Amino acid sequence: MGYLDNFKSKDFWIRVLKLAAVFFLIFVIISLVISHFSEVTSGNFRAVYEDEWADGKWKNYFSIKAVISIVYAIYMTSRRKKLKSRRS
């Protein structure tokens with residue numbers, strides 16, 4: 001089964017969305033902790049909000065992470081399916 005055949009499969013897209021959702025959440029949490037460690041540990045979430053999401057910045061913040069998560073999930077799901085087909 002080639003890569004284009006994977007895109008036609010409903011099971012493939014379900015796996016992609018599951019992996020993308022998990023990776024997206026982990027990606028957002030890690031990036032927030034790295035960029036705003038002192039604010040997160042002190043509980044000053046208002047400063048994080050103002051710096052990252054206020055005035056429509058949330059669209060850019062989440063869209064970049066969503067695109068990266070989906071691309072990563074497509075790659076990993078395709079790779080995993082390819083590895084499974086080699087074993088059998």
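It should be emphasised that the depicted structure is a prediction, and the values quoted were computed from it without experimental measurement.
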- prompt: Short question: side chain of Ser31, backbone of Val28 - any donor-acceptor pair under 3.5 Å?
  reply: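 Judged by distance alone, yes, a pair lies under 3.5 Å.
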- prompt: Do Tyr61 and Leu32 come within less than 4.5 Å of each other through their side chains, counting heavy atoms only?
  reply: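 Yes. Closest side-chain heavy atoms under 4.5 Å.
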- prompt: Below 4.5 Å, heavy atoms only, C-beta onward: do Asn44 and Tyr49 meet side chain to side chain?
  reply: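 No - every pair of side-chain heavy atoms lies 4.5 Å or more apart.
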Measuring from [X]:[atom1] to [Y]:[atom2], what's the distance to the nearest 0.5 Å?
X     : Y     : atom1 : atom2 : value
Thr77 : Leu17 : OG1   : CG    : 9.0 Å
Ile68 : Ser63 : CD1   : OG    : 9.5 Å
Ile70 : Phe24 : CD1   : CZ    : 9.0 Å
Phe23 : Leu19 : CZ    : CG    : 8.5 Å
Arg79 : Ile74 : CZ    : CD1   : 16.0 Å
Glu50 : Glu39 : CD    : CD    : 12.0 Å

- request: Give the cluster check for Trp58 versus Phe45: same hydrophobic cluster or not, with ILVMFWY residues linked at side-chain heavy-atom distances below 4.5 Å.
  value: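 In one cluster: yes.
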So for atom [atom1], which belongs to [X], do other residues, nucleotides or ligands contribute more than 12 heavy atoms lying within a distance under 6.0 Å?
X     : atom1 : answer
Tyr75 : OH    : no
Trp53 : CH2   : yes
Lys57 : NZ    : yes

- prompt: Given a cutoff of under 4.5 Å between side-chain heavy atoms of I, L, V, M, F, W and Y, with clusters grown through shared members, what are the other residues clustered with Ile30?
  reply: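 In the cluster with Ile30 are Val22, Ile26, Ile34.
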